[in-house]
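Here the structure is laid out as structure tokens; the discussion comes afterwards.
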Number of protein chains: 2
Amino acid sequence: MSISQVHTALERLSNLLRVEARMQGSVEGLLPVQLEVLHYLYQCNRYSDTVQGVSEYLGQTKGTVSQTLKVLDSRGLLRKQPDTKDRRLVHLRITAKGEKLLVNVVPARFLVEALDSKPARETERLAEDLKDLLRAAQAARRMKTFGACKTCRFNESSQSGFRCGLTGESLTIPDIERICREHQYPLASEG
Amino acid sequence: MSISQVHTALERLSNLLRVEARMQGSVEGLLPVQLEVLHYLYQCNRYSDTVQGVSEYLGQTKGTVSQTLKVLDSRGLLRKQPDTKDRRLVHLRITAKGEKLLVNVVPARFLVEALDSKPARETERLAEDLKDLLRAAQAARRMKTFGACKTCRFNESSQSGFRCGLTGESLTIPDIERICREHQYPLASEG
DNA sequence: CATTTTAGTATCGACTCGATACGTTTAATC
DNA sequence: GATTAAACGTATCGAGTCGATACTAAAATG
């Protein structure tokens, strides 16, 4: 059964990612989870860069995430920025220091070593296949999809740029490249 | 850069595996790591079913692994069996109870839901691609490969069956389907 | 305006995990 | 063959993860 083989391979790759992250992180005194949070925030726009967003993405409780963030904040790798309109919200912005650190961690060295020598087309296909798998998995479980606005059914393009049909807010070019918490793929019927 | 996309997708899938394992495991009071150990042992032959083997596979220290194993042992999910020749070694054998438990966990439900509706050929291709990736990654980092004897360069077939060219021991059919710690893929020159 | 929901924090306890130290058995070296 | 080194496994400790629970504050709902 090849589904089991996919599971086994993913489990093993997951271990390698973790081992690699542990190694890379230990240089800076950071743990795998903390690196993952930074990587997530690096890809976020203002809809997803919150404690709740991180919590849903990682599948951890808000309490746990809150603790992780406290560490990252104290090391100057991210900045907490209260929302001006909704004062319950805190936006988590990765700092320049944080981004600099990430460059050494993503993509993991073993992936570069494994894929660099292959034709670019094969790597692209693998990336597409994995994204497909993710999409299918998240759809099946009705999970949040954590996609970028540009692939979202709520994203509308106007003559002045882009706009989120859900919140009504206008979106910048960088915005639509980033992860949104409310992201939903187009309905099947919308082709 | 599609390597980064591969990294991101793998990281996310890794999270899903973990979340799923946490859910499934909580029913039995088991943690993700403990399930992984069981899954590993399920695939092992006598060269790899040791504390050291688990330790290398998971990238954790022997001390950590030893503790995890103590829990699994006390719950009757595995059996410790001292080696008859080398009295330093302890073989870890998964019990029937352990195997029964695994069936509900592997493959993860979200993978089945995502892949079951697709053509079998596509899933097979994905499995092959992932195994390729794994193989390339492990080769590049000179890591242990944790492959089955049947794909190992030391495996020799004789008229009476199979034999490991490294240890000289003869191997049974079930043996060569399982993971070996000393596994090495054939040299490129041996094509 | 009362109630409910949502965002985030704080605290506690069970558990992970690496580091270290240790005992035992086997292999290596002289 | 005696000494030394290496390998396998265990035990203990402390820092840190992580879920559960309880809490405050702000916004949404009615």
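Just so you know, these numbers use all the heavy atoms, side chains as well, and skip hydrogens, waters and symmetry mates. Sequence lines set the chain letters: A, B, ... in the order given, protein chains first and strands last, and positions in each chain run from 1.
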> Going through the checks in order, is the salt bridge (Lys or Arg N to Asp or Glu O under 4.0 Å) test met by Arg88(A) and Asp86(A)?
Replying inline: CA-CA 5 Å; Arg88(A) 293 172 306 181; Asp86(A) 186 336; 3.0 Å; yes
> Does the pair Glu36(B) and Asn15(A) meet the rule for a side chain to side chain donor-acceptor pair (under 3.5 Å), with working shown?
Replying inline: CA-CA 10 Å; Glu36(B) 262 193 89; Asn15(A) 281 332; 3.0 Å; yes
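At least one donor-acceptor pair under 3.5 Å links the side chain of Thr8(B) to the backbone N or O of Ser4(B). Between the side chain of Lys97(A) and the backbone N or O of Arg75(A) there is at least one donor-acceptor pair closer than 3.5 Å. Glu124(A) places no side-chain N or O within donor-acceptor distance of the main-chain N or O of Ser2(B), the cut-off being under 3.5 Å. Counting only distance, with no hydrogens or angles, the side chain of Thr95(B) and the backbone of Leu77(B) share a donor-acceptor pair below 3.5 Å.
Nearer to the 5' terminus of DNA chain D, by closest-nucleotide assignment, is the contact made by Gln67(B) (compared with the other of Gly59(A) and Gln67(B)). Place Gly63(B) and Gln60(A) on DNA chain D by their nearest nucleotides, and Gly63(B) ends up nearer the 5' end.
Between the P atom of dG8(C) and the CG atom of Asp49(A) lies a distance of 9 Å, rounded to the nearest Å. dT10(D) atom P lies 7 Å from atom CG of Leu69(B), rounded to whole Å. In this entry the distance linking NE2 of His91(B) with P of dC8(D) reads 12 Å, nearest Å. Rounded to a whole Å, the CG atom of Asp73(A) is 13 Å from the C1' atom of dT9(C). Remark: P of dT26(C) and CG of Asp83(B) are 9 Å apart, rounded to the nearest angstrom. Following rounding to the nearest Å, Lys62(B) (NZ) and dA21(C) (C1') show an atom-to-atom distance of 12 Å. Here dC8(D) presents its P atom at 18 Å from CD of Gln81(B), a figure rounded to the nearest Å. In this entry the distance linking CG of Leu72(B) with C1' of dT10(D) reads 16 Å, nearest Å.
Note on Glu128(A) versus Arg125(A): no salt bridge recorded, every NZ/NE/NH1/NH2 to OD/OE distance being 4.0 Å or above.
With a 6.0 Å cutoff to the six-membered ring centre and a 45° limit on the axis angle, Arg12(A) does not count as a cation-pi contact of Tyr40(B).
The closest side-chain heavy-atom distance from His7(B) to Leu17(A) is below 4.5 Å.
Across dC17(C), dA10(C), dT10(D), the shortest atom-to-atom separation from the side chain of Thr64(B) is found for dC17(C). Of the candidate nucleotides dC17(C), dT9(C), dT10(D), dT9(C) has the atom lying nearest to any side-chain atom of Val51(A). Nearest nucleotide to the side chain of Arg22(A), out of dG19(D), dG9(D), dG18(C): dG18(C). Listed candidates were dC18(D), dA7(C), dG9(D). Nearest to the side chain of Gln52(B) is dG9(D).
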Restricting both atoms to N or O, compile the protein contacts to nucleotides 24-28 of chain D shorter than 3.5 Å, with distance only.
| from | atom 1 | to | atom 2 | distance (Å) |
| --- | --- | --- | --- | --- |
| dA27(D) | OP1 | Lys85(A) | O | 3.0 |
| dA27(D) | OP1 | Arg87(A) | N | 2.9 |

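Within residues 31-38 of chain A, no residue is approached by DNA chain C to less than 4.0 Å at the level of any non-hydrogen atom.
Applying the 4.0 Å criterion to OP1 and OP2 of dT9(C), one finds that Lys80(A) has a side-chain N or O inside that range.
Atom NZ of Lys100(A) has 12 or fewer heavy atoms from other residues, nucleotides or ligands within 6.0 Å.
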